[in-house]
Amino acid sequence: MLPTRSGRYMVGLAPRGAGLVAVGWGPDGGAAAVPVAATSSFEADLDLLPLEATALGTRNVHGAELVVRGADGLRGARLVLSGEVVLAQDDDGATHLVCPLADDVLGIGVRLHLRTHPGHDVVEKWAELYNASEQPIELLRAWGGAFAIPARGGASVGLLGGAWSREFTPFDVTLGAGTLSVGSRQGITSHTYAPVVTVVPAGTDGVVRSGGADVGVRYGVALGYSGSWRMTLDAVPFADHVRVAAGPDDESGILTLAPGERLTTPVLAGVRVEGDADDLAHAWHEYQAMLARTRGPEHRPVVYNSWFATTFDVRVEHQLQLAAAAAQVGAEVFVVDDGWFRGRTSDRAALGDWEVDLHRNPDGLGPLADGVRALGMRFGLWVEPEAVSPDSDLYRAHPEWAHQVAGRPLETLRNQYVLNLGRPEVEEWVLGTLRRLLGDGDVTYLKWDMNRSIADGGQSVLGGDDWSWRHTRAYYRILDALRAEFPRVTVEACAGGGGRIDLAVLARTDVVWPSDETGPRDRLAIQHGFLGALPAWTMSSWVTDLPDLLDRDREGAPTSLEFRFVVAMAGVLGIGADLLAWDAATRERASSLVDLYRSIRTVVHTGRVRRHGTPSDAACAVQYTGADAVVVLAWRRTGAADLTVRLRDLDPDARYRLRGDDVGTSTFTGRELITDGIAIGWTWEDCAVMILDRV
Ligand code: GLA
């Protein structure tokens, strides 16, 4: 039995020592194990049982998470218990179960791990694989486990997908029977699919009887991995479960375990909630708080980023003028984006040559860093450490460092190649470069970008065909080393917008850049999807002057300064506009909007999130509920009707007073706010910030 924050996850032993089987999940352990009786000689009990993790060879009719092949061509593994199942407590209070399995014929060992923590409701699963044979073993699929979600007749599956500038768009798929597969072959998490799904069992709309009442049940499954990946949802006809499994992509790469070698699979995380989509989001956010909010609020500062103001034209004098304006509006960090390094005057050259451009800035960036600090801000830099331009000194010196398949022409995307971090000398060089940039302490904010997919992967120089795995492990090692050596440095993760956002990135960085799209209505839609699975305190969001790229309904699309600020206040507010193009009055307004954000930031970053309506509605809102205050941000299309929001998550017996109401007429009980709701008072024409203090 593994206790979670509000329930438990229960496993038992499978017949004939075949590992672990899920027997219950929920507040009281959920439903009891369904006894399985094979109805014909075409399926065995191990195919029908909800095994926690299994191999092709143990389970032969339905899918399995581990597919292996020995050097002699022997395919599959018959896994059996090879020792005691151990249930122990980790130092952080987590309950941790380890189940050792092995196939002595092939010579492979598998230690299956399950972990839960009293601080959240997520169950983590992963596996350690060990080659105990004298021969290499190919891992045709190396996934760490599966969640067998109780569902008869399939499920309704919620995905978050998209493309560049339209990340985190929700899609619903009805999966009656068959296998649904999503993933990335791009060497990064990708804009196409986020590695997280929502599963609502079919037939009942997810409604089950629990504790004497009908409740909606939904499940979430997410993968913590940032290379090429795959997730499958398998709805076998007439089965009792939809099986959700994921891991490194089994199509674009094959991992090989040398004799004596070990490999730990990425973590697969699953959560069950009784409630709606926001209850599921909250369960994810509670888990992510333990991954990523272990770092203090100083790592979620108000950023000014000069990219949109200057693009590649980075001149210290000009940057100092922008910095003065940024300080005036309340920025806490000043970040110089692309264009600061030697020869980088367009996107056609210089990636890899990470030295200050002394031609354009003869005194270096020192005067800028000093100036920024004198203005009371921290100083930050953009880097794209995995990238190399064909026209760069680095590429001329080390053409072999780029991902490539010998004999095939290399292809550029955005005029650049990708360095193969899987080569130890490249990993060392990247880490050395970053240490050099951070070493003198001037730079305390790093925006780590990655602007193309790794289409030229395919071959690992070290033998084997696991380029994405090796690249990704090195990416993690570098981030881990930076965090250990430079704990004061805030790291923002970016990949042409939201191309590399997943649980493993959240665990190693502080904020993420969900999209290059900063047009306010489009951004609202992206943020709505993001908050359904990812937390507000990582959601970097800048105010810019750019229009929506996609929302063509310009007539209904207000873009006032206030509207844009309230959009950015929904996460980690930053500013990316050309401040020198703003007149004094606009900067004044911006400065008071930043002050307002600062006054609500703790509630936005630590409160419970509820989305009221969606950005495609005429009006919508997001509610953040903290212990002492509730913040409601709301937006509407021009000319849209008023909005009343029935608040959630409040104490019905507590009293709440609308901030700014000095005469005390706007005091409500929690019950009134829940039942009757609160009419949004539009602070500005089409947007609102309402703060209710618990009194
Ligand atoms: C990517 C990023 C942008 C910016 C540019 C710089 O597109 O997502 O924010 O940093 O690169 O080249």
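We count ligands from 1, going down the list as the structure has it; atoms in each ligand are counted the same way.
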Inset, instruction - May I ask you to establish whether Arg589 and Phe565 are in a cation-pi arrangement, using a distance under 6.0 Å from NZ or CZ to the six-membered ring centre and at most 45° from the ring axis? - result: no
Inset, instruction - Please identify each residue that fulfils side chain to side chain donor-acceptor pair (under 3.5 Å) with Arg348, with sequence neighbours left out. - result: none
Inset, instruction - Step by step, work out the side chain to side chain contact (heavy atoms under 4.5 Å, CB included) result for Tyr624 and Leu633. - result: CA-CA 9 Å; Tyr624 303 83; Leu633 307 180; 3.8 Å; yes
Legend entry - side chain to side chain donor-acceptor pair (under 3.5 Å) against Asp545, all qualifying residues, sequence neighbours excluded: Arg564, Trp582
Inset, instruction - Compile the protein residues with any heavy atom at a distance under 4.0 Å from an atom of ligand 1; present them by chain, then by number. - result: Trp307, Asp337, Asp338, Trp382, Arg414, Lys447, Asp449, Asn451, Cys494, Gly496, Gly497, Trp513, Asp516
Please tabulate, one pair per line, all N/O donor-acceptor pairs under 3.5 Å involving side-chain atoms of residues 567-580, not counting sequence neighbours.
{"unit_1": "Asp578", "atom_1": "OD1", "unit_2": "Leu580", "atom_2": "N", "d": "3.1"}

Inset, instruction - Would you please classify the geometry between the Trp382 ring and the Phe341 ring as parallel, tilted or perpendicular, with 30° and 60° separating the classes? - result: parallel
